[in-house]
Amino acid sequence: MTDQTQLKTNRFTEEEFESVMKYLVGNKVKLFPNVIVPQSAGPASIQPREEILITSIGESCPFRACMSFVVGGALGGFIGLFNSSIAPHQTTVQMSTRETLRDMGTTIVSNAKQFATIGFMFAGVECCIESYRAKSDWKNSVYAGGVTGGLLGFRAGIKAAGFGAVGFAAFSYGIDYFMHTSTLFNPSN
């Protein structure tokens, strides 16, 4: 009998129950809905608006594509410099220094344009596919490789576009597989 009376006296009133629930669960209103708080480097702090803006610009598709354009152009220039120094185009006649430098310049510019175009197309298409799918996995690079290879091969016809799409997609898959499984990039420490 005393247990039942004791249970009746231990119950909360509606106001007490509501205040306890608010205390335990918290308020459902988010004061800052778009605040990104990093937790990896020490105590958590709210990022300033400028830092969020710079992060969003750096992760945008046009910025990624333009950065790939610049880096691809630089890489293509170095490859063009290497190729032109090893095998000049005109080997039948002895070339003067000026002709050699002109030949090297055209090779460097040609390779820089090609690599810049491929980098711009691949990075832009991959970023758009990743944004559309809302996933970051190996399929994005394969799809982007297929689209990029198809567009590059389309200048030579439909058959070349198909071969370019399949070849570039397979190459993209191979590179992505190597980057994710290699001990060079993923040490087992």
Side-chain angles (χ1 to χ4, degrees), residues 34-45 47-48 50-89 104-189:
N34 295 330
V35 175
I36 301 169
V37 181
Q39 299 283 334
S40 62
S45 61
Q47 289 181 330
E50 295 81 13
E51 191 171 340
I52 294 172
L53 178 67
I54 293 298
T55 303
S56 65
I57 289 172
E59 293 176 355
S60 68
C61 291
F63 184 79
R64 283 186 184 180
C66 290
M67 285 305 296
S68 294
F69 181 82
V70 171
V71 172
L75 178 68
F78 285 123
I79 290 175
L81 177 64
F82 179 73
N83 285 343
S84 64
S85 66
I86 288 179
H89 289 193
M104 288 177 74
T106 56
T107 305
I108 290 170
V109 169
S110 173
N111 281 345
K113 284 181 185 178
Q114 290 171 359
F115 274 79
T117 302
I118 290 171
F120 181 80
M121 287 176 64
F122 183 81
V125 170
E126 184 182 29
C127 186
C128 290
I129 289 173
E130 185 176 327
S131 298
Y132 179 75
R133 291 184 66 227
K135 293 181 183 177
S136 181
D137 58 0
W138 62 272
K139 293 179 184 178
N140 294 336
S141 62
V142 173
Y143 295 152
V147 170
T148 303
L151 288 174
L152 291 173
F154 190 67
R155 293 184 295 179
I158 298 293
K159 190 175 182 181
F163 281 119
V166 170
F168 212 113
F171 180 74
S172 298
Y173 175 75
I175 293 295
D176 200 60
Y177 180 78
F178 174 74
M179 295 289 278
H180 285 91
T181 60
S182 173
T183 57
L184 179 67
F185 297 105
N186 299 315
S188 59
N189 295 355

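Keep in mind the model is a prediction, meaning the values are calculated, not measured.
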In Å and rounded to the nearest 0.5 Å, what is the [atom1] to [atom2] distance from [X] to [Y]?
X	Y	atom1	atom2	result
T117	L151	OG1	CG	12.0 Å
N140	I129	CG	CD1	6.5 Å
E59	I54	CD	CD1	12.0 Å
S68	F115	OG	CZ	13.5 Å
F122	T148	CZ	OG1	6.0 Å
S56	E51	OG	CD	11.0 Å

Determine the minimum heavy-atom distance between [X] and [Y], stating which atoms define it.
X	Y	value
G145	S172	CA-OG, 3.5 Å
L152	M121	CD2-SD, 3.9 Å
M104	S84	CG-OG, 3.5 Å
F63	I57	CB-O, 3.2 Å
F120	A65	CD1-O, 3.3 Å
A169	G146	CB-N, 3.8 Å

Practice task
Look only at the side chain of S182 and the backbone of M179, and say whether a donor-acceptor pair between them is shorter than 3.5 Å.
Solution key: no
Practice task
Please check if the side chain of S110 supplies one atom and the backbone of T107 the other of a donor-acceptor pair under 3.5 Å.
Solution key: no
Problem - Any side-chain heavy-atom pair of N111 and Q114 under 4.5 Å - result: yes
Problem - D176 vs V142 side-chain heavy atoms within contact, under 4.5 Å - result: no
Practice task
Give yes when the SG atoms of C61 and C128 are nearer than 2.5 Å, otherwise give no.
Solution key: no
Practice task
Could you please spell out the steps behind the side-chain contact (heavy atoms from CB on, under 4.5 Å) verdict for W138 and Y177?
Solution key: CA-CA 8 Å; W138 62 272; Y177 180 78; over 6 Å; no
